[in-house]
There are 2 protein chains.
Amino acid sequence: MADSRKVGVLGGGQLGRMLIEAANRLNIQVNVLDAAASPAKQISAHDGHIEGSFKDASSVKKLAQACDVVTVEIEHVDTHMLEEVAGEVAVEPSWKTLRTIKDKYAQKEYLKEHGVDVAESEDLEGKGADGLKAVGERFGYPYMLKSKTEAYDGRGNFVVRSEANIDAAIKALGDRPLYAERWAEFRMELAVMVVKTKDGVLTFPTVETVHEDSICKLTYAPPRNVSKETTQRAQDLAKKAIGAFEGKGVFGVEMFLLKDDTLLVNEIAPRPHNSGHYTIEACPLSQYDAHLRAILDMPIPASALRLREPAIMLNILGGKTPDSHLKVAHKAYESPNASIHLYGKGDARPGRKMGHITVTAPTLSEAEKEIQPLIDFVDDQRGKPLGPRAAQVDEPLVAVIMGSDSDLPVLKAGLQILEKLQIPFTTRITSAHRTPDWLREFSKSAADTSLRVIIGAAGGAAHLPGMCASWTTLPVVGLPVKVTHMDGWDSLVSMTQMPRGEPVATVGINNSTNAALLAVRILGATDLAVRERLRVWMEGNEKEVLRKDQELAEQGFESYLKKMGKW
Amino acid sequence: MADSRKVGVLGGGQLGRMLIEAANRLNIQVNVLDAAASPAKQISAHDGHIEGSFKDASSVKKLAQACDVVTVEIEHVDTHMLEEVAGEVAVEPSWKTLRTIKDKYAQKEYLKEHGVDVAESEDLEGKGADGLKAVGERFGYPYMLKSKTEAYDGRGNFVVRSEANIDAAIKALGDRPLYAERWAEFRMELAVMVVKTKDGVLTFPTVETVHEDSICKLTYAPPRNVSKETTQRAQDLAKKAIGAFEGKGVFGVEMFLLKDDTLLVNEIAPRPHNSGHYTIEACPLSQYDAHLRAILDMPIPASALRLREPAIMLNILGGKTPDSHLKVAHKAYESPNASIHLYGKGDARPGRKMGHITVTAPTLSEAEKEIQPLIDFVDDQRGKPLGPRAAQVDEPLVAVIMGSDSDLPVLKAGLQILEKLQIPFTTRITSAHRTPDWLREFSKSAADTSLRVIIGAAGGAAHLPGMCASWTTLPVVGLPVKVTHMDGWDSLVSMTQMPRGEPVATVGINNSTNAALLAVRILGATDLAVRERLRVWMEGNEKEVLRKDQELAEQGFESYLKKMGKW
């Protein structure tokens, strides 16, 4: 019962440090093999640590003798020594897995054999310039030249842009074991943290990663503008990839999402990963908790890997000055939802991972707005030109759809209310009868977007909101618009009298103000800031009527009517 | 810019440990004065710690010499030595504040002088049994006898239940400096963490605390069944109390909420406090972050102290066996939203604070449901009888109000839908015309409860949902009920044709199914679990109609009508 098992970890950088943060809370002793005062050792005061290199066989052996389970924070370790000690101590994940993954070419071949989609690659070891030229002819240019081993954070990669580029490529990487990869024209990069336990394979949510100079810069959870279907496919692919390997622990799976929505696995990390830092704040269980629990056979409830709130992670990379990371942290102190993690690495070197910041917020666009000044600040510290600004447009929470542009004048007052109460919205024209397929497409996908409420305005037969409600699970507000006949009664009844099963929240004829206010109330049911803005607005209306009452009482009806121009 | 300032802390227990967790992330060195291997020192490996007692003057001096700011994790320290070193090093909060607060009687007198409401108290130092008897006559029985100093977690308190009890009281506490407090018949205990910075006073949200044997057992954020007005008053009172003291840092303010809604300050802690543990997971900034930032004059955005998600904190108190706390942690591993903190204290002693668990969830009742088995388990480990169960009723998200019980049969189908889709609801009768004051009271307070949507059913003039909407900011669904005349048109129009400003989301006449489904959609706009249940339900309906279509196509209309009994 009492967990007196000791965990040994090869490597004491930031990943080992955050693993120890999690272990400290559970009073699990972690023995670190790395230099003295490495980041991980700084927050763990006991005499079980080993001083030495995680690449040194005798140190690995010493660590293994002092632990019950040995794991890694980096895959570039001596797997032969791990193989040797595996008889005496549990090694998680398996040394076989580490050996396959640390060689990127072997990793890709292994995945391919197990039916996992990866970018096409070709072995170039010992083939020299001729080999590079032949690959260029086969793959076309550009292609990626990569070192099979010791490659990370962009080191060991070279983009071969044309035949004329081959000499430079050989100069840069010629002394390393090489392979080539076909260029992936990706729309974006996705990543999934996978947890392999004794019982099966679980996944954290899919995230979007943004790289700069081949180093991870940002992680968005959830990814921007990616459908649920695609994020689910990414999780399935990641699960399949990791299912092919032996051993327990968390694995990072980096993927390309191509322009045609195909997913290819790019790279696997057999350990906690930069793309999973966001889990510390954004999920009930972090990737570090999950890694510890997986290698120690402790329970992991699947729902503990859910996203509590959208989150964006920004790496603090070393900039121009040795204290650039401290300046970034200082700036982040003013950001109310920013959690700051510095890694205790001393002075910054350009491009070095010195820390990270995670901003969580009720919506991704709120998080984007809060983190943008910090991204700008990091770019500035690194001497980078300011990156392309994400258009600072809030993702819409309300869609106002209308059967025809002739409904737009009626909608004006409502749209102004949405603006006044700061509700981001979008307006679309989609007719149930003239564009039934477009209405279907819009309605079916609405729940997968940022939208939370739909307002449908229509006149006459007024099928728009009712059909929309039949294809979505979102609440639909119906605004009956008065057209030629029947004074609007036709639309009103078409909306209220929906069959049992698909309600339309109907408001008064032509009363777009109330349609908008109903959408605001629906958002305010859970968003207290919205509710407060509505309360203040209603209070303003109350005061205005009370003021008028006072005036009427004081001046009498005659003077009042005169002022109104009605006498 | 680079924060090389060193913080010294008197005491290295769990509060110091969690302070260091926060400091580690910012790479701020904290030097701890306490025994070797105390909980705080275990997670901080550097040679700046001081071994010794925080009550020992020479050790305090040694610590002060090695730091830029000295703070405390406990108030029972040598304030004279702090006074002496205050010239050379910043002491936060001020030694004067610590001196006043560590004497509970002086603390109460000080608060009274500064206009803060506290329970009536009387000095008994040196007054013996006669003094106790005189107080009993003045205050009545029971009253609280308390030691002025060195009193915490119930130690140093004695309930004097009658005159016959006085001898026992003297036996228990007679050798200590005593005072008496009038018994407070409280409805519940509240607590507020206050942050005092160089610029002003900020507060975390009000929480409810539950004590057992005078030791904090549970914290509920937000408090159960307390109005926003009261939680705001509690924060204001806490702010006023702490505003009266000198110095920077966080302060815990414990209060009694009396049966008549009066608030009295019970006790103040000039440091992080058990009632603020929940902030680690539930707020963007924790009480430990806030304390560090306050004493180091770093920025604290007020909105970083908000509650992200409701949370419940459960203390893991030592039980019958030395490993009882590990058993509790083990049990909590299965709880998906439980964050576990063990303090590294070695073997458990009965009643000792060994760790805590925080469960956060989208609603407090979800958190209550998840934590109940853990409360039971802790009780069992401590050999306690199972405590009174919070009635395991979910707090209602939907209120279904009706003008008359004659509307209930129409509502039946809708209420069944709410049950089927697992939406907790409440049903009330409140007529706009027969009980206008009750409707007003209900509507005005609705937004301060767990409710998120109101369904109002009414016939005839059908003012119920419209008046309700005029007094609340929550979304109101209107269900027109058909009564004697006009086939329900009267109610329908009364609901849709609300004036601009207060919408009623109207559904079809007598269609309570749709009223309920609209409420479900509104909840599902943000609650994805609800949305998924709705989607599955709609899919079931779709399949049912497709099945009927198949049957009609295969059997022909005659056979189908016969089966329906309509041939």
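Quick note on labels: first sequence line is chain A, next is B, and so on, each numbered from 1.
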Non-hydrogen atoms of chain B under 4.5 Å away: do they reach the side chain of [X], the backbone, both or neither?
{"X": "A/Pro480", "value": "neither"}
{"X": "A/His341", "value": "both"}
{"X": "A/Glu532", "value": "neither"}
{"X": "A/Leu492", "value": "side chain"}
{"X": "A/Ala515", "value": "neither"}
{"X": "A/Val507", "value": "both"}
{"X": "A/Asp347", "value": "neither"}
{"X": "A/Leu479", "value": "neither"}
{"X": "A/Ala447", "value": "both"}
{"X": "A/Ile522", "value": "both"}
{"X": "A/Met498", "value": "both"}
{"X": "A/Val520", "value": "neither"}

Just so I understand: if I count every heavy-atom pair under 4.5 Å between each of [options] and chain B, which residue has the most?
{"options": "A/Ser44, A/Ser303, A/Ser512", "answer": "A/Ser44"}
{"options": "A/Glu502, A/Glu542, A/His46, A/Lys41", "answer": "A/Glu502"}
{"options": "A/Leu518, A/Leu534, A/Leu523, A/Ile509", "answer": "A/Leu518"}
{"options": "A/His325, A/Gln497, A/Met538, A/Arg293", "answer": "A/Arg293"}
{"options": "A/Leu528, A/Asn541, A/Thr506", "answer": "A/Thr506"}
{"options": "A/Ser470, A/Ala361, A/Gly501", "answer": "A/Gly501"}

Query raised in the report: So which of B/Ala304, B/Gly508, B/Pro475 has the largest heavy-atom pair count under 4.5 angstrom toward chain A?
Result: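 Of B/Ala304, B/Gly508, B/Pro475, B/Pro475 has the most heavy-atom pairs under 4.5 Å with chain A.
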
Looking only at heavy atoms, which two atoms of [X] and [Y] are closest? And how far apart?
{"X": "A/Arg306", "Y": "A/Pro205", "value": "C-CG, 4.4 Å"}
{"X": "A/Ile300", "Y": "A/Ala290", "value": "CD1-O, 3.6 Å"}
{"X": "A/Ile340", "Y": "A/Ala329", "value": "CD1-O, 3.8 Å"}
{"X": "B/Ala40", "Y": "B/Ile20", "value": "O-CD1, 3.5 Å"}
{"X": "A/Ala311", "Y": "A/Ala282", "value": "CB-CB, 3.7 Å"}
{"X": "B/Pro39", "Y": "B/Gly344", "value": "CG-O, 4.2 Å"}

Measure distances from [X] to the heavy atoms of chain A and classify the residue's part below 4.5 Å as side chain, backbone, both or neither.
{"X": "B/Thr472", "value": "both"}
{"X": "B/Leu285", "value": "neither"}
{"X": "B/Ala469", "value": "both"}

**Report entry** Worked verdict on B/Thr360 versus B/Arg308 for side chain to side chain donor-acceptor pair (under 3.5 Å)
**Finding:** CA-CA 9 Å; B/Thr360 67; B/Arg308 246 181 198 154; over 6 Å; no

Decide, yes or no, whether a salt bridge links [X] with [Y] under the criterion of side-chain N to carboxylate O below 4.0 Å.
{"X": "A/Lys327", "Y": "A/Asp323", "value": "yes"}
{"X": "B/Glu281", "Y": "A/Arg25", "value": "yes"}
{"X": "B/Glu539", "Y": "B/Arg535", "value": "yes"}

**Report entry** Under 3.5 Å: donor-acceptor pair, side chain of B/Arg531, backbone of B/Thr526
**Finding:**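 Pair absent, no side-chain N/O of B/Arg531 close to backbone of B/Thr526.
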
**Report entry** Main-chain N/O of B/Asn337 paired to B/Glu370 side chain as donor or acceptor, under 3.5 Å
**Finding:**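 Judged by distance alone, yes, a pair lies under 3.5 Å.
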
**Report entry** Validation row: B/Met18, B/His356 side chains within 4.5 angstrom (heavy atoms)
**Finding:**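 Yes, close enough: below the 4.5 Å cut-off.
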
